[in-house]
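Below is one structure, written out as structure tokens, with a few remarks after it.
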There are 2 protein chains.
Amino acid sequence: MNAKKRATVADVARLADVSMMTVSRAINHSPGVSEETRARILKIAEEVGYRPSQIARGLATRRTTTIGLLVPDVANPFFAQIARGAEDAAFEQGYSLFLINSAEDHRREQAALDALWQQEIDGAILCSARLSLDALRTYINRFPAVVLVNRDLYLQVSNTDTINVDDRQGARLAVEHLLEIGKRKIVYIAGPENSVSSERRLQGYRSALQMHKILAEPNWISHCAPTTDGGRAAALDLLQRMPAIDGIFCFNDLTALGVLQACREAGRSVPDQVAVIGADDIQMASLITPRLTTLRTDPHWIGSRAISLLVQRIHEPDLVPQALVVQPKLILRESA
Amino acid sequence: MNAKKRATVADVARLADVSMMTVSRAINHSPGVSEETRARILKIAEEVGYRPSQIARGLATRRTTTIGLLVPDVANPFFAQIARGAEDAAFEQGYSLFLINSAEDHRREQAALDALWQQEIDGAILCSARLSLDALRTYINRFPAVVLVNRDLYLQVSNTDTINVDDRQGARLAVEHLLEIGKRKIVYIAGPENSVSSERRLQGYRSALQMHKILAEPNWISHCAPTTDGGRAAALDLLQRMPAIDGIFCFNDLTALGVLQACREAGRSVPDQVAVIGADDIQMASLITPRLTTLRTDPHWIGSRAISLLVQRIHEPDLVPQALVVQPKLILRESA
DNA sequence: AATTGTAAGCGCTTACAATT
DNA sequence: AATTGTAAGCGCTTACAATT
């Protein structure tokens, strides 16, 4: 059959003719064992292939060395990079990572967080959480430590650090660039309704237009799924309803790719007739024709930094909460 | 402070004035409790926000409801889709997923599998594992159940199902198409040296050429990192060393995108001078110019099927091992 | 037979005690 | 003071016993 029984501290203790505590101290490199005893125990542990059970250890210590990572969708390259950065850093620090896709769905997000809670994770990284502020606060209180990515709590919570992209400023940069190259009828394809980043970009979009005395009419803003198909459908619709559109600022690069497709299908040249700007600078952005002008942030860095903030807080819960703000950079390419 | 103490079975038992076992039976929907008692207990459990600790449950039952997923790199869209499919299915079945990137690195792969073992996962999905056959067998024996994706064991192991893409046949389809459109000097940009899929595609590549009495010379095969940059560098080198190349079959779409870039830089028209075929059909493949001809498999399906095989085997370890083979489909677009 | 409870244990560690 | 050990417990469940 499979799965021969694994060795336990008791087994090692018996073989080494010491108590379980001495084995425990030896394998944890705790003080209080003589060097000879420790060496002898480690040798025996090695021989029988002993590995401590994290689950038993977790029950005894109330620490599981696991971290939960919530993202809307790992198949979105932006979050895939965050996940990679987080896992790289977690692995280095000896933590295992639970991955969860919220699938842009409140109920699933909540159910998944419940599951993480039951797994008794040491901390959670929540990316673009769509939960209501109240629900979010409840969950945050359940976890020993939390890092929020692209979400704010408005008031500091003692166990929570945040990493936010300055979406307002990013949107301002993008829209100002569109204005500079002479565009005036600039619409915003805004992604999901309940996205915090989307809302913040909307503010930047509005403020840039206002500076130029342009009022963004309500029908200049169109929500859609944060995917290529979502962007394509939204753009097709807008271009038909308002043929005079000359600039499109997009929720992310995925939607921007859909927008480029729509422009091709609708026979609009990019950037001459319609200039397009995305956000995230995923790899595809520089490979597509026309190459996509976009806002760059470094998601791998965000993922890895989120882990280091979280691990710090797990070990020192009383550190003062940090709120990191990351400035996006406008990368000028061909589409605008 | 944070983290108010969570309620335990003991708390609920005290409040309901029953024994812990009765609470356990009630919350697990086991038989042996009267309906009234169960209802009363569930109500109290709800009120105090009781959630069973998976870690305590895991220690008692030797089941953790966790699954490990190993991929070379989640940031690779192909594996990101597998991860998404796997997490979707795992969530539905009540399992939590540990994500691990091997980063194409033996030692990290091994260390990560050790970590999973210590977490006492109920099963593992190993994608494109790079471990030696011996090491792989050792790890497989440690886990209660395993699904291997894109890797073979050559002899059946009782706790292991496999899902393999028919890479040989895929490569044959691709190379035959290149031959049909008149290409003769067809090179293979083969990805990582230690990749099993790469080796299998090599066989298909050779056999298709042999059918046409063409001998692939050793320098027609070039290994590289499975990334856009890897593909670009390899293609640049090959095109310079052998200007007569008229067809390139690529390890995956990421490398194919790099190859397209290289062709542009080297001033070769695609597909007229050089035809290019990739593998995976990632989203980018249909968005790039020229649109990429490639081999399609459905990674989301693979991920989700891997979970269902695994969960089945966790519950019925004696099922006869399955070896699923997935046929890739050649998607003709512009690049070949 | 249906319902409920008791005792022990899963594999570790914390807190304290005992020995040299 | 340095080294080692004992007892109890983390929060559940399995196996069995007791009650109606």
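In what follows, every heavy atom counts, from backbone to side chain, and hydrogens, waters and symmetry copies are set aside. Being a predicted model, the structure only gives us computed values, none of them experimental. Below, read A as the first sequence line, B as the second, and so on, with proteins coming before strands; counting in each chain starts at 1.
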| query | Between Arg6(B) and dG11(D), is there a side-chain N or O to OP1/OP2 distance below 4.0 Å? | reply | no
| message | Assuming nearest nucleotide by heavy-atom distance, tell me which of Asp17(B) and Ala56(B) is located more 5' along DNA chain C. | response | Asp17(B)
| dG11(D) phosphate, OP1 or OP2, under 4.0 Å from Ser53(B) side-chain N/O | no
| Among all residues two or more places apart in sequence or in another chain, which pass the salt bridge (charged side-chain N to carboxylate O under 4.0 Å, His left out) test with Asp122(B)? | none
| task | Compare the minimum distances between each of dC10(D), dT14(C), dC12(D) and the side chain of Ala60(A), then state the nucleotide with the smallest one. | result | dC10(D)
| task | State which of dT6(C), dG5(D), dG11(D) makes the closest approach to the side chain of Met21(B). | result | dT6(C)
| request: Compute whether any side-chain donor of one residue and acceptor of the other, for Thr64(A) and Glu120(A), lie under 3.5 angstrom apart. | output: no
| request: Report yes if the side chains of Ile55(A) and Gln119(B) come closer than 4.5 Å at any heavy-atom pair, otherwise no. | output: no
| task | Represent DNA chain D in dot-bracket notation, 5' to 3'. Only Watson-Crick or G-U wobble pairs with both distances under 3.5 Å count; pseudoknot-style crossings use [ ] and interstrand partners use |. | result | ||||||||||||||||||||
| Is there a donor-acceptor pair under 3.5 Å between the side chain of Arg313(B) and the backbone N or O of Ser158(B)? | yes
| Whole-Å distance between dC10(C) C1' and Gln118(B) CD? | 17 Å
| note | From CD of Gln119(A) across to C1' of dC10(D) the rounded distance in Å is 17 Å
| note | Here the distance between atom P of dC10(D) and atom CD of Glu120(A), to the nearest Å, is 13 Å
| task | Kindly determine whether Arg38(A) and Glu35(A) satisfy salt bridge (charged side-chain N to carboxylate O under 4.0 Å, His left out), including the steps that lead there. | result | CA-CA 5 Å; Arg38(A) 182 190 310 274; Glu35(A) 271 319 311; 3.6 Å; yes
| message | Just the rounded figure in Å: distance from C1' of dT14(C) to CE of Met20(A). | response | 12 Å
| message | Closest approach to the side chain of Val18(A), judged atom by atom: which nucleotide of dG5(D), dT13(D), dT13(C) is it? | response | dG5(D)
| query | In this structure, are over 12 heavy atoms from other groups packed under 6.0 Å from Gln93(B) atom CD? | reply | yes
| Does Arg62(A) make a side-chain N or O approach to OP1 or OP2 of dC10(D) shorter than 4.0 Å? | no
| query | Rounding to a whole Å, what distance do you find between Leu59(A):CG and dC10(D):C1'? | reply | 4 Å
| Between Ile55(B) (CD1) and dG11(C) (P), how many Å, whole number? | 14 Å
| task | Examine Arg108(A) relative to Phe91(B) and say whether NZ or CZ is less than 6.0 Å from the centre of the six-membered ring and inside a 45° cone about the ring axis. | result | yes
| request: Check DNA chain C against residues 22-47 of chain A and give the residues with a non-hydrogen atom under 4.0 Å, in numerical order. | output: Ser24(A), Asn28(A)
| message | The test is side-chain hydrogen bond (donor to acceptor under 3.5 Å, both in side chains); show your working for Arg57(A) and Asn28(A) and say whether it passes. | response | CA-CA 11 Å; Arg57(A) 198 179 251 176; Asn28(A) 286 307; 2.8 Å; yes
| query | Side chains of Thr37(A) and Arg40(A): is there a donor and an acceptor less than 3.5 Å apart? | reply | no
